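In this text the structure is predicted, and so the values were computed from the model without any measurement. Numbered from 1 within each chain, the chains take letters A, B, ... in sequence-line order.
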Number of protein chains: 2
Amino acid sequence: MPKRSSKEESTTLDKTDLEILQLLQHNARITIKEIAEKVHLSTTPVHERIRRMEERGVIRQYVTLLDGAKVKKGLMVICYISLRQHSKMAGNKFIKSIQEMNEVIECLTISGEFDFMLKVVAENMDAYYDFHVNRLSQIENIGNVQSVFVMGVIKQTHQLVW
Amino acid sequence: MPKRSSKEESTTLDKTDLEILQLLQHNARITIKEIAEKVHLSTTPVHERIRRMEERGVIRQYVTLLDGAKVKKGLMVICYISLRQHSKMAGNKFIKSIQEMNEVIECLTISGEFDFMLKVVAENMDAYYDFHVNRLSQIENIGNVQSVFVMGVIKQTHQLVW
DNA sequence: ACTGAAAGACACAGACT
DNA sequence: AGTCTGTGTCTTTCAGT
């Protein structure tokens with residue numbers, strides 16, 4: 001039997017837990033009282049269930065989503081990158097650079113021709129050009145870079161439970 | 001001078017608004033009292049500023065982010081799709097199908113060879129294969145489909161203000 | 001694991017500067 | 001646009017089942 005840290009007890013989520021998560025996914029600012037009513041419980045167990053799911057890491061974060069265009073981040077670009085070297089150290093250096101760039105809101109390692117897929121936000125094309133040429137391309141060990149522009153957002157959700 | 005609906009007054013965001021947004025981005029369940037302390041104001045103006053930013057649509061939604069692996073959505077796939085026909089009606093039919101598929105958590109229209117980029121979540125490879133063959137490929141008018149597997153998440157944030 | 005009650009903290013509205 | 005103050009509501013803890 002594998003040992004587990006006390007912070008990550010792996011009791012499975014029951015139906016009530018999933019209902020609570022569903023409600024929280026849609027509205028992180030919903031009151032515990034309101035959740036309690038919807039799942040037909042009093043506030044105490046709801047409070048405790050949420051606390052445990054936070055502790056176990058099932059709940060990662062409560063975030064507020066903003067309208068990009070209204071905070072001067074109207075342009076979204078998908079950016080594919082391959083490195084010239086694939087040593088662990090070279091990879092870590094790249095990752096560190098990416099972590100520090102606020103414009104990069106997502107970075108995934110992917111299968112296929114490229115090593116990374118980035119999602120980059122900028123105010124407009126000029127700002128993106130500046131980012132691309134003066135910051136992204138300056139990272140050492142960068143190989144091929146390819147930009148794909150996002151013309152429209154059809155769907156964007158964070159629901160992992162439904 | 002262009003008319004504006006009263007719901008979307010376009011007064012620019014000042015430094016305090018941006019500070020509030022920054023705090024809310026990191027923690028949607030932060031109390032107004034705590035925000036007020038950090039921006040050196042009383043709760044009333046903070047409350048009012050948030051209310052206005054919600055009304056104007058600057059704040060889109062408060063959401064809870066879950067750990068995919070812990071809610072049986074451990075696999076993430078990027079999926080590129082081109083349609084056979086590009087009429088408006090054909091496009092709308094596709095979009096409607098996508099909206100109804102919970103596995104598709106993101107859908108973007110993109111420049112380049114493909115028409116759409118999807119982000120799909122599934123419990124494992126079997127579940128993804130089932131989704132791909134029996135649901136995605138069954139949408140009428142689907143042309144080319146290409147799947148890229150996400151091997152790791154280096155960075156994932158929703159901060160548009162920093 | 002839950003209910004119910006009770007204390008303390010907070011949100012929200014009003015009067016005023 | 002802001003502070004201050006009061007009221008009602010919610011969170012959070014605890015005793016009890």
Just how far, in rounded Å, is [atom2] of [N] from [atom1] of [X]?
X        : N       : atom1 : atom2 : answer
Met53(A) : dA1(C)  : CE    : C1'   : 15 Å
Arg51(A) : dC14(D) : CZ    : P     : 13 Å
Lys15(B) : dA1(D)  : NZ    : C1'   : 18 Å
Ile50(B) : dG2(D)  : CD1   : C1'   : 16 Å
Ile20(B) : dG2(D)  : CD1   : C1'   : 13 Å
Arg52(A) : dA1(C)  : CZ    : C1'   : 9 Å
Leu41(B) : dA1(D)  : CG    : P     : 12 Å

Practice task
For the pair Phe131(A) and Tyr128(A), name the ring-plane relationship: parallel under 30°, tilted 30 to 60°, perpendicular over 60°.
Solution key: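 Tilted: the ring planes of Phe131(A) and Tyr128(A) meet at 30° to 60°.
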
Would you indicate whether the side-chain heavy atoms of [Y] and [X] approach each other to under 4.5 Å?
X        : Y         : result
Gln99(A) : Ile95(A)  : yes
Lys70(A) : Arg56(B)  : no
Ile98(B) : Leu136(B) : yes

Handout entry: Pairing of Arg52(B) and Glu55(B) as salt bridge, 4.0 angstrom limit
Key =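 The answer is no: the pair does not qualify as a salt bridge.
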
Problem - Lys/Arg N to Asp/Glu carboxylate O, Arg29(B) vs Glu54(A), below 4.0 Å - result: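 A salt bridge is absent here (no side-chain N lies under 4.0 Å from a carboxylate O).
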
Completion exercise
A correct 5'-to-3' footprint of nucleotides 6-11 of chain C, with B, S and - meaning base, sugar-phosphate only and no protein heavy atom under 4.0 Å, is ----SS

Practice task
May I ask you to check whether over 12 heavy atoms, not counting those of His26(A), lie within 6.0 Å of atom NE2?
Solution key: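 Incorrect, the count does not exceed 12.
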
Exercise for the section: Among dG2(D), dC4(D), dC2(C), find the nucleotide with the atom closest to the side chain of Arg49(A). Expected result: dC2(C)

Find every protein N or O atom lying less than 3.5 Å from an N or O atom of nucleotides 6-8 of chain D, and list the pairs.
none

Problem - Full working for side chain to side chain contact (heavy atoms under 4.5 Å, CB included) between Ile78(B) and Lys119(B) - result: CA-CA 5 Å; Ile78(B) 305 296; Lys119(B) 195 187 279 178; 4.0 Å; yes

Exercise for the section: Identify the residue among Arg135(B), Lys72(B), Lys73(B) that makes a salt bridge (Lys or Arg N to Asp or Glu O under 4.0 Å) with Glu103(B). Expected result: Arg135(B)

